[in-house]
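See structure below.
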Amino acid sequence: YNDGSETRLSYDASGESGYTLTGNLHESETVTVLFMQYNTQVTLNVIPVEVVSIDEVTVADGATFYTNTSLETVKNYLTVNVTYNDGNSGTLASSEYELTGELTAGVSTLTVSANGQSQTVQVTVTDDAITGIASVSASQGGAVIYSDATAEELKAYLTVTVNLNNGGTKALSAEDY
């Protein structure tokens with residue numbers, strides 16, 4: 001005040017009975033304190049909130065993974081719980097961490113990484129299995145096929161495509177049928 005006395009003001013977002021702040025600590029370390037027609041800028045030491053530990057990675061119940069499932073798809077079934085440097089805990093969105101590893105039939109170990117921290121998680125991977133024949137086509141070209149040709153000889157002209165349990169299809173090689 002003009003007489004040299006001081007009083008502590010409370011923050012009031014409306015500015016009616018206290019001070020307000022402008023500025024965004026995510027973009028700048030300087031904020032402006034406003035009280036009535038008076039303002040001043042204050043520089044703060046701002047530390048970004050960062051992951052300091054990955055506490056737990058869990059896989060959703062009932063999740064089914066196949067050898068051709070992408071790691072991006074696997075991320076949709078993971079819950080990644082972390083602790084931040086401000087002491088708070090949280091769950092990371094799939095875009096906030098990296099998932100590495102390879103899906104092979106059986107149990108695969110994958111690594112979740114964020115801000116230099118990592119944690120492994122094991123997932124069960126189902127091998128691709130044939131569920132039916134999708135199509136069979138013949139491509140004879142200019143070859144002559146005689147009536148006494150064996151089944152083994154005919155394989156050279158056939159393309160057999162099968163349906164898989166993962167929803168995909170696969171063309172079989174002649175050795176597979």
The single option from T83, D86, N115 passing side chain to side chain contact (heavy atoms under 4.5 Å, CB included) against V52:
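For V52, the side chain to side chain contact (heavy atoms under 4.5 Å, CB included) test succeeds with only one of T83, D86, N115, which is T83.
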
Can you confirm whether [X] sits close enough to [Y] that some side-chain heavy atom of one is under 4.5 Å from a side-chain heavy atom of the other?
X	Y	value
T104	V125	no
V162	T169	no
Y97	V82	no
I130	L164	yes
T69	T64	no
V49	N85	yes

[atom1] of [X] to [atom2] of [Y]: how many Å apart, nearest 0.5 Å?
X	Y	atom1	atom2	result
L158	L172	CG	CG	11.5 Å
K170	N163	NZ	CG	13.0 Å
D148	E153	CG	CD	7.5 Å
Q119	L78	CD	CG	11.5 Å
F65	T124	CZ	OG1	9.0 Å

Are [Y] and [X] connected in a single hydrophobic cluster, I mean Ile/Leu/Val/Met/Phe/Trp/Tyr linked by side-chain heavy atoms less than 4.5 Å apart?
X	Y	result
I133	Y177	yes
Y66	L71	no
I54	L99	yes

Please check if the number of heavy atoms outside [X] that lie under 6.0 Å from its [atom1] is greater than 12.
X	atom1	value
Y84	OH	yes
K75	NZ	yes
I145	CD1	yes

Hey, mind stepping through S173 and D176 against side chain to side chain donor-acceptor pair (under 3.5 Å) and telling me if it holds?
CA-CA 5 Å; S173 65; D176 292 335; 3.1 Å; yes

For the residue pair A114 and V51, what are the closest heavy atoms and their distance?
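Smallest interatomic distance, heavy atoms only, reads O-CG1, 4.3 Å.
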
Tell me whether S108 contacts the main-chain N or O of V123 through its side chain, where contact means a donor paired with an acceptor under 3.5 Å.
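Side chain of S108 to backbone of V123, a donor-acceptor pair under 3.5 Å: no, none is there.
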
Of D128, D127, T126, which meets side-chain hydrogen bond (donor to acceptor under 3.5 Å, both in side chains) against N166?
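Between N166 and the candidates, side-chain hydrogen bond (donor to acceptor under 3.5 Å, both in side chains) is satisfied uniquely by D128.
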
Can you tell me if N81 and T91 form a side-chain donor-acceptor pair at under 3.5 Å?
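On atom types as modelled, these side chains qualify, holding a pair under 3.5 Å.
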
